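Heads up: the structure comes next, in structure tokens.
Note that these values count all heavy atoms, side chains included, but never hydrogens, waters or copies made by symmetry. Note that this is a predicted model, so its numbers are computed, not measured. Letters A, B, ... are given to chains in the order of the sequence lines, protein chains preceding strands, and every chain is numbered from 1.
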Protein chains: 2
Amino acid sequence: MHKAERELPSVNAEAMRMVLTLNRATSMVVYDLESSVHRPRGWTWPGFRVLFALWLAGPMEAKTTAEISGMSRAALSALLNTLERDGLLSRERATHDRRALQLSLTDEGYGAILGVFRAHNRRESAWAEALEPEERRELVRLLNKLMAGSTDAQAKFRN
Amino acid sequence: MHKAERELPSVNAEAMRMVLTLNRATSMVVYDLESSVHRPRGWTWPGFRVLFALWLAGPMEAKTTAEISGMSRAALSALLNTLERDGLLSRERATHDRRALQLSLTDEGYGAILGVFRAHNRRESAWAEALEPEERRELVRLLNKLMAGSTDAQAKFRN
DNA sequence: TCTGTTTCATCAAATGTTTGATCATTTGGG
DNA sequence: CCCAAATGATCAAACATTTGATGAAACAGA
């Protein structure tokens, strides 16, 4: 990154490298999971996250699903159209608050998530083996510390 | 992740946690950069990556740009429509190979990338401060090792 | 030289994301 | 009790991404 430092003497090269590397690594992992596990089965990574959340935690309100799976409510709303159309989950108006949506897996969705998650986790395992057990724990610790520190950094979060 | 382990005894929880944490951390960083730096200026993160690559390495063929900025040629092709329309770069047919494209920043693009990168790097610095210098180096080392190991894992890569 | 294959770029259709606006419902203060 | 403000979901427009198909140019071998 010599050019950046030459033309902008104030550049923080170490911070740049950290963010760059973080992104490259994550892109690789996500691309691999998506193209070797999800797309061949007609799924997408965001769709998987939503179904997985519903499988783990059971039926819940859409707002909660959005928080758990890390997306905005608008994005979830669009995504639900596809998932509902494919018969993987059902959308119902909540009884206690008629603005809210109650989401639940259909039987088909329940069966599907089991199989897909198995394949997903096998690929995750293959990635994990690149590191020693101790290194994996350290990586997770560092990433958590990074996230925790973001509050001080006044980072912008999703609604 | 108790449910996953109960219903699927073979689940590798540690691998799952690693991938999950990696994704959560990266999402936070990207979301912050995109929403606090790029979107307010009418840019996107992928557009920034392309312009940044051109700024660092100078005019180059589109194929190279795609590799450097980590996207498929089809995705780059679509993205170029926006960037060219906004007058930030120019697309020209290469002379030696009339199939290939030669990309270069316009003067406007050159000026714009300087300012945006400065703001971008300031946010990167804020994130980096969440870790100690030694921890940053260790994080980068672990991520690089993870990427290096992917070859053994037979991971799928982008074309 | 001609033909079959590879390579570069683009297109098409489907998906998912963002921000900002809109609509309906709920809540809370006067 | 009523009306303003907050909240949940959706819509609209613009973007970016994927896979697979298509067109055009370069290459390689007979």
Side-chain angles (χ1 to χ4, degrees), chain A residues 23 26-28 30-51 60-67 69-86 88 91-103 156-159, chain B residues 23 26-28 30-51 60-67 69-86 88 91-103 156-159:
Chain A
N23 268 286
T26 303
S27 295
M28 283 181 68
V30 169
Y31 184 84
D32 172 58
L33 283 167
E34 191 147 25
S35 65
S36 71
V37 175
H38 300 298
R39 296 240 178 224
R41 290 170 173 78
W43 287 33
T44 61
W45 168 267
F48 170 76
R49 284 204 319 264
V50 165
L51 296 167
M60 65 179 91
E61 289 191 12
K63 189 193 173 189
T64 314
T65 312
E67 280 163 13
S69 51
M71 49 202 324
S72 70
R73 276 175 253 144
L76 177 61
S77 187
L79 183 50
L80 289 179
N81 293 330
T82 318
L83 298 175
E84 192 179 28
R85 186 206 58 195
D86 293 347
L88 298 169
R91 247 174 178 157
E92 285 164 26
R93 223 77 217 182
T95 52
H96 53 81
D97 182 339
R98 277 177 303 159
R99 291 170 305 182
L101 278 187
Q102 184 78 6
L103 304 182
K156 288 216 177 191
F157 300 106
R158 226 177 284 267
N159 307 325
Chain B
N23 268 286
T26 304
S27 295
M28 282 181 69
V30 169
Y31 185 83
D32 172 57
L33 283 167
E34 192 147 24
S35 66
S36 72
V37 175
H38 300 297
R39 295 234 179 230
R41 291 170 173 77
W43 287 32
T44 61
W45 167 268
F48 170 77
R49 285 204 319 265
V50 166
L51 296 167
M60 66 180 93
E61 290 191 12
K63 190 194 172 188
T64 314
T65 312
E67 280 162 14
S69 52
M71 49 200 326
S72 70
R73 276 175 253 146
L76 177 61
S77 187
L79 184 49
L80 289 179
N81 293 330
T82 318
L83 298 175
E84 191 179 28
R85 185 206 58 196
D86 293 348
L88 298 169
R91 246 175 179 158
E92 284 164 25
R93 224 74 218 185
T95 51
H96 54 81
D97 182 339
R98 278 177 303 159
R99 289 170 306 182
L101 277 187
Q102 183 78 5
L103 303 182
K156 289 216 178 191
F157 300 105
R158 225 176 287 266
N159 308 325

Base, backbone or nothing for each nucleotide of nucleotides 11-17 of chain D, written B, S, -, heavy atoms under 4.0 angstrom, 5' to 3'?
-> B---SSB

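- Whole-Å rounding puts the B:D32 CG to C:dT18 P distance at 14 Å.
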Heteroatom pairs (N/O) under 3.5 angstrom, protein to nucleotides 1-3 of chain D:
none

Return all side-chain donor-acceptor pairs below 3.5 angstrom for residues 91-99 of chain B, not counting sequence neighbours, or 'none' if the list is empty.
from	atom 1	to	atom 2	distance (Å)
B:R91	NH1	B:N81	OD1	3.0
B:R91	NH1	B:E84	OE1	3.0
B:R91	NH2	B:S77	O	3.1
B:R91	NH2	B:N81	OD1	3.2
B:R93	NE	B:R98	O	3.1
B:R93	NH2	B:R99	O	2.9
B:H96	NE2	B:E61	OE2	3.1
B:D97	OD1	B:R99	N	2.9
B:D97	OD1	B:R99	NE	3.1
B:D97	OD2	B:R99	NH2	2.8

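- When rounded to the nearest whole Å, the span between CZ of B:F157 and P of D:dT18 equals 15 Å.
- In this entry the distance linking NE2 of A:H38 with P of D:dT19 reads 13 Å, nearest Å.
- Separating the CG atom of A:L101 from the P atom of C:dA24 is a distance of 16 Å, rounded to the nearest angstrom.
- A:D32 is linked by a side-chain hydrogen bond (donor to acceptor under 3.5 Å, both in side chains) to A:R123, A:W127, counting only residues two or more places apart in sequence or in another chain.
- The separation between B:L80 atom CG and C:dT10 atom C1' is 11 Å, rounded to whole Å.
- Evaluation of the side chain to side chain contact (heavy atoms under 4.5 Å, CB included) rule for A:A78 yields no partner, not counting sequence neighbours.
- Annotation: salt bridge (Lys or Arg N to Asp or Glu O under 4.0 Å) contacts of B:D86 (sequence neighbours excluded): none.
- A distance of 7.5 Å separates OH of B:Y31 from OG of A:S72, quoted to the nearest 0.5 Å.
- For the atom pair CD of B:Q102 and OG1 of B:T65, the computed distance is 8.5 Å after rounding to the nearest 0.5 Å.
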Do any N or O atoms of the protein come closer than 3.5 Å to N or O atoms of nucleotides 4-7 of chain D, and which pairs are they?
from	atom 1	to	atom 2	distance (Å)
D:dT7	O2	A:R99	NH1	2.7

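- For B:A62, the side chain to side chain contact (heavy atoms under 4.5 Å, CB included) partners two or more places apart in sequence, or in a different chain, are B:L76, B:L101, B:L103.
- Distance, B:E84 CD to C:dT10 C1': 13 Å, rounded to whole Å.
- Taking 4.0 angstrom as the limit, B:R98 places none of its side-chain polar atoms (N or O) nearer than this to OP1 or OP2 of D:dC27.
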Going by atom type alone, with no hydrogens or angles, which donor-acceptor pairs under 3.5 Å involve a side-chain atom of residues 38-49 of chain B and a protein atom two or more places apart or on another chain?
from	atom 1	to	atom 2	distance (Å)
B:H38	NE2	B:H120	ND1	3.0
B:R41	NH1	B:V37	O	2.9
B:T44	OG1	B:G47	N	3.2
B:R49	NE	B:S69	O	3.0
B:R49	NH2	B:S69	O	3.2

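- Rounded to whole Å, the distance from CG on B:L33 to C1' on C:dT18 is 16 Å.
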